[in-house]
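First up is the structure itself, then whatever we jot down about it.
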Amino acid sequence: MKTSEDYFERVWEVVARIPLGRVTTYGAISEHLGLKSGARMVGWALNKTIDMDHKNIPAHRVVNRLGELSGAIHFGHNVMRERLLQEGVIFKNDYCVDLERHFWDPSSI
DNA sequence: CAAGTGACTAGTG
DNA sequence: CCACTAGCCACTT
């Protein structure tokens with residue numbers, strides 16, 4: 001628990017910096033944090049977020065590399081989608097956002 | 001302690 | 001973009 005705790009905090013810090021109406025990917029976050037293949041751990045961190053009621057963390061702005069709302073399973077389908085729609089995110093279909101248009105690079109801050 | 005699981009990704013065809 | 005493989009690491013069983 002202790003080793004991953006710092007990592008979780010870092011993830012939350014990055015996710016909290018995602019501008020409104022923008023999205024990023026698990027891989028981009030993990031890479032920005034220096035982990036070569038920690039994409040799965042990013043998911044874990046966000047899952048913890050829900051458990052702890054970290055609603056300050058806009059986890060709905062994190063999607064997989066294809067722009068799919070892979071997190072909607074744990075978020076509640078409609079919730080994640082509606083939240084993104086409310087922020088003006090364009091969807092390619094019900095389960096996939098337009099990543100080309102809304103992608104935000106964590107390193108660009 | 002071994003094997004399975006998961007909000008993943010990159011490489012290859 | 002699809003299908004398949006391998007790598008990844010914390011956590012659960």
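Keep in mind that this is a model prediction, so the values were computed, not measured.
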Taken to the nearest whole Å, CG/N47(A) to P/dG6(B) is 12 Å
NZ (K48(A)) and CH2 (W12(A)) are apart, to the nearest 0.5 Å, by 8.5 Å
W44(A) atom CH2 is separated from dT5(B) atom P, nearest whole Å, by 14 Å
Here the distance between atom P of dT12(C) and atom CZ of R40(A), to the nearest Å, is 16 Å
- If two hydrophobic side chains count as joined below 4.5 Å and joins carry through other members, does I18(A) share a cluster with I50(A)? no
Does R61(A) pair with E87(A) as a salt bridge, N-O distance under 4.0 Å? yes
I'd like to check D98(A) versus F103(A) (side-chain heavy atoms, cut-off strictly below 4.5 Å). Are they in contact? no
Taken to the nearest whole Å, CG/D51(A) to C1'/dA7(B) is 13 Å
| query | Which part of the nucleic acid, if any, lies within contact of A59(A), taking any heavy atom under 4.0 Å across all strands shown: a base, the sugar-phosphate backbone alone, or nothing? | reply | base
Under 3.5 Å, which protein N or O atoms sit close to an N or O of nucleotides 9-13 of chain B? Give each pair with its distance.
residue	atom	partner	partner atom	Å
dT9(B)	OP1	G27(A)	N	3.4
dT9(B)	OP1	R65(A)	N	3.2
dT9(B)	OP2	R65(A)	N	3.0

Check your understanding: Can you find a pair of side-chain heavy atoms, one from N47(A) and one from H74(A), that are under 4.5 Å apart?
Key -> yes
- Item | Pairwise side-chain contact, R81(A) with F91(A), heavy-atom cut-off 4.5 Å (strictly under) | yes
Check whether V15(A) and M52(A) end up in the same hydrophobic cluster, where Ile, Leu, Val, Met, Phe, Trp and Tyr are linked by side-chain heavy atoms less than 4.5 Å apart. yes
Task: Residues I90(A), H102(A); criterion side-chain contact (heavy atoms from CB on, under 4.5 Å); working and verdict - done: CA-CA 8 Å; I90(A) 308 296; H102(A) 296 287; 3.5 Å; yes
Would you say the side chains of E82(A) and N78(A) form a donor-acceptor pair under 3.5 Å? no
Whole-Å distance, L46(A) CG to dC11(C) C1', equals 16 Å
Within residues 67-86 of chain A, those residues having any heavy atom closer than 4.0 Å to DNA chain B are S70(A), G71(A), H74(A), F75(A)
Taking dC11(C), dA7(B), dC9(C) as options, the one with an atom nearest any side-chain atom of I50(A) is dA7(B)
N93(A) CG to dC1(C) C1', in whole Å, measures 12 Å
- Item | dC8(C) and dG6(B), which share atom name C1', separated by this distance in whole Å | 12 Å
Q. When you compare dC1(B) with dT13(C), how far apart are their C1' atoms, in angstrom units rounded to a whole number?
A. 12 Å
Atom OH of Y95(A) and atom P of dA7(B) are separated, to the nearest Å, by 9 Å
